[in-house]
Amino acid sequence: MNAAATAPDAAASAEVHAGFARRAEALHAHGASDEALRLLAAGVRRNPDDATARLVLARVCADTGRDAEARDWLESALRADPECPAARK
């Protein structure tokens with residue numbers, strides 16, 4: 001089997017990345033913020049360049065009174081993607 005046939009599809013990989021951040025946002029919206037934070041932290045460990053997940057982490061931290069952590073995650077998102085328009089707001 002050639003390498004191209006076994007490599008994960010880039011679009012599917014992007015969907016998996018987006019999936020855990022969307023699930024975490026839904027958990028947070030339904031009051032399961034601690035579970036959302038655990039899911040996001042695990043996702044960031046697996047996907048260290050994912051600026052979107054870091055932004056969601058920042059928002060959940062801010063919403064739950066973890067202001068210092070929120071700032072740290074926002075700064076981390078900017079380091080991961082300095083051009084990220086959402087992180088610059």
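Heavy-atom basis, side chains included; hydrogens, waters and symmetry copies ignored. All residue numbers refer to positions in the sequence shown, counting from 1.
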Nearest-0.5 Å distance that lies between atom CG in Asp34 and atom NE2 in His28: 10.5 Å
Closest non-hydrogen atom pair between Leu27 and Ala36, with its separation: CB-CB, 4.0 Å
Leu37 and Arg66: CA distance, side-chain angles, deciding distance, side-chain contact (heavy atoms from CB on, under 4.5 Å) verdict: CA-CA 11 Å; Leu37 288 169; Arg66 298 169 170 101; 3.3 Å; yes
Pairwise distance CZ(Arg54) to CZ(Arg79) - rounded to 0.5 angstrom: 7.5 Å
Gap separating the CZ atom of Phe20 from the OG1 atom of Thr52, nearest 0.5 angstrom: 8.5 Å
Smallest separation among heavy atoms of Ala51 and Asp81, with atom names: CB-CB, 3.7 Å
Gap between atom CG of Asn47 and atom CG of Leu40 - 0.5 Å precision: 11.0 Å
Shortest non-hydrogen separation from Val44 to Ala53 and the atoms involved: CG2-CB, 3.8 Å
Nearest heavy-atom neighbours spanning Ala70 and Ala58: CB-O, 3.3 Å
